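Written below as structure tokens is the structure these notes are about.
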Amino acid sequence: MAEAKENVLMEKIVSLCKRRGFIFQSSEIYGGINGFWDYGPLGAEIKRNLRDAWWHAMMRERDDCVGLDASIILHRAVWKASGHEDTFADPMSTCKHCKKLIRSDQWWTLMAEQSWVQSLAALGQPGTDAFPTGDLLKWAKGKGKQLAPNLALVRNPEVTLSWLAQEVEKGNRPKDAREFYLFLATEQLGATGFITPCPHCGGELTEPRPFNLMLRTNYGPIASEENLAYLRPETAQAIFVQFKNVFDSSRVKVPFGIGQIGKAFRNEITPRNFTFRSREFEQMELEFFIPPDEAVQLLHGTVAEWREGADLSVPQPNWGWELWHRYWVAQRTEFYRGIGLGADVLDYHWQKPAELAHYARACVDILFKFPFGTEELEGIAARGDFDLMQHQKHSGKSLELFDDALRAAATKLTEEQRCSFVAEVQEDWNDHHKSREDAAAFCEKLFRGVYVPHVIEPSAGLDRLTLAVLCAAYHEEQKADVNGKVEQRTVLRFHPRTAPIKVGIFPLLKNKPELVAKARAVFNLLKSHCNCFYDENGAIGRRYARQDEIGTPFCVTIDFDTLGEKPELLDTVTLRHRDDGRQDRVKISELLALLLEKLR
Ligand code: GAP
């Protein structure tokens, strides 16, 4: 649970975002709409920079990936086939008193944020020594009435406390803080056991039930079940559905990827932590298609497996799925490093077998250390052939590929070698609870050069990344002004690639037409290459401070030396660096090349 200090930091970031035009609450003048956010002028620039950086790294700089820009609304059958219509749900409870909805798996996190829980916790740790019964009674009759009016302890303090005392007497002392709150919400154990308190009012929560997260809409003039559609909850499915069209039209060969950036929508029960969990957000997803390991075995006689220290820099034809998965974790880590998010702010969660989706072979979450906790930025999953197989089954259309080299490799096998190959695959599949018949049919197709590719999916959230970049950039520093008075200043230390404005351009004085004209000329020189901001108002120190606060990495000042007051400095400017305040004298003729080098 976040410490108070970290909440304060988050509040400062949220407030800066609004004050300087990074992120606003959606529909704010109407009271806002929960889980929706608008990006202001600076936020829109950061998002665009991050979107471009992803597209550049994943599509442009590679010769094995191509892009897609699919519609947000897909045929409803897509979501039936993918499993989203039936199972894309979070467990939800409702408060019987205040009617608020709570995501059951976030109950404790929400509880820990509530002031009634914090004020109770301040009375002392339960479960260790004697219960602070007197304090609890006083709390129930005072603060509790305002903070948690529907908690059993507040509605019926004497009954609840005497029941609690009996339980303690019997040796049923709450074993931890969570159970302590269940005790305070329960007057006596009923058939259903403990009552779980609502984080908002302390009232009784219903049993969790699944709540589908897809946002519904209708297309066409009449809203009916026949034209029900969903706003896509992920961009990935459109890639699977268009996989064959892309393959047939793009001259790509397995292994290859299809990437997409676009909006996704989830009716999150409790959107929270600023933009971290929103109802409308953007994803950047790659579906990277690889041959099944069995095809690699036939083609290359061996499947290279991952081991500690394996070289992941250049993909090899004999890589199996595990090496491809590790490769993408390394590639994505490198991407984050390249935009200024290094090992100090990232972490990894390798999902344990019990956490994995039933079809996934492995999944690693790349985590970022947000002020409110270390949370997921991107998931990289090895999804096998699940998605393409589902769409093949539900659509009745073949999503198989033909590989001539594979067929040729298979024709070289003797009958005996084929039989032993099939037997090996059957044994392997048996370990994964798949039938011998299916394994044999799969091998028969492989021998003809036919298979459905497997998938490695790096899936990142653009809004989460924007928030991560903002949090990593946020710094406060003490600085003395010209009169020696120390003041606290905020500096956003964005990596130059992510910074919304790259260069601030200032004439030293605004009432000197020659300075203004020269500064305008420098602005015109740079503006089509990078986002620049021209500012002629206020003392130069104030102008630097304003740019520091929004993270501009470079400022250029045009002064009298630029105009030739010192002849040797004619047509030079001062280039000031945000992070160390260093100031270099640079020729205008060399400025563009120098800046572009630093912005790469
Ligand atoms: N196709 C796989 C997929 O959608 P996911 O883990 O549900 O996987 C991928 O989502 C990424 O999308 C997450 O790592 C996160 O960055 C982002 N994301 C998911 N739900 C989000 C939400 N409610 N608000 C903001 N970003 C979200």
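Note that ligands are numbered from 1 as they come in the structure, with each ligand's atoms numbered from 1 the same way. Numbers for residues simply follow the sequence, beginning at 1. Only this structure's heavy atoms are used, side chains among them; waters, hydrogens and symmetry mates stay out. Not measured: the values here are computed from a predicted model.
Scanning all protein heavy atoms for the shortest distance to atom 6 (O) of ligand 1 gives Glu376 OE2, 3.2 Å. Nearest protein neighbour of atom 18 (N) of ligand 1, counting heavy atoms only, is Phe281 CE1, 3.5 Å. Taking atom 24 (N) of ligand 1 as the reference point, the nearest protein heavy-atom neighbour is Ser278 N, 3.0 Å. For atom 7 (O) of ligand 1, the closest non-hydrogen atom on the protein side is Arg266 NH1, 2.8 Å. Annotation: atom 25 (C) of ligand 1 to nearest protein heavy atom, Phe276 O, 3.1 Å. Nearest non-hydrogen protein atom to atom 17 (C) of ligand 1 is Gly461 CA, 3.7 Å. Nearest protein heavy-atom contact of atom 15 (C) of ligand 1 is Arg464 NH1, 3.4 Å.
Ligand 1 places these atoms under 4.0 Å from at least one heavy atom of Ala236: 1 (N). Interface of Glu234 with ligand 1, defined as ligand atoms under 4.0 Å from a residue heavy atom, comprises 1 (N), 2 (C), 3 (C), 4 (O). Near Glu285, meaning under 4.0 Å from any of its heavy atoms, are these atoms of ligand 1: 1 (N), 2 (C), 3 (C), 4 (O). Ligand 1 places these atoms under 4.0 Å from at least one heavy atom of Glu378: 14 (O).
At a 4.0 Å heavy-atom cut-off, ligand 1 touches Glu457 through the side chain alone. Counting heavy atoms under 4.0 Å from ligand 1, residue Ser459 touches it through both backbone and side chain. Residue Leu377 touches ligand 1 through its backbone alone, judged by heavy-atom distances below 4.0 Å. Using a 4.0 Å cut-off between heavy atoms, Gln283 contacts ligand 1 through its side chain alone, with no backbone atom that close.
A cation-pi arrangement is absent between Arg209 and Phe211 under the rule of less than 6.0 angstrom and at most 45 degrees off the ring axis. A cation-pi arrangement is absent between Arg464 and Trp37 under the rule of less than 6.0 angstrom and at most 45 degrees off the ring axis.
Side-chain contact between Pro271 and Ser278 is absent, with no heavy atoms from C-beta onward closer than 4.5 Å. Side chains of Leu401 and Phe243 form a contact here, defined as non-hydrogen atoms less than 4.5 Å apart.
Taking 4.0 Å as the cut-off between side-chain N and carboxylate O, Lys47 and Asp463 count as a salt-bridged pair. Salt bridge Arg48/Glu45: absent, no basic N to carboxylate O contact under 4.0 Å.
Counting heavy-atom neighbours within 6.0 Å of Lys434 NZ, excluding the residue itself, gives a total above 12. Atom NZ of Lys445 has 12 or fewer heavy atoms from other residues, nucleotides or ligands within 6.0 Å. By the neighbour-count criterion of 12 heavy atoms within 6.0 Å, atom CD of Glu305 is sparsely surrounded, having that number or fewer from other residues, nucleotides or ligands.
Checked by distance only, ligand 1 and Arg277 stay at 3.5 Å or farther apart across all their nitrogen or oxygen atoms.
The two residues Ile290 and Val254 come nearest to each other via the heavy atoms C-CG1, 3.7 Å.
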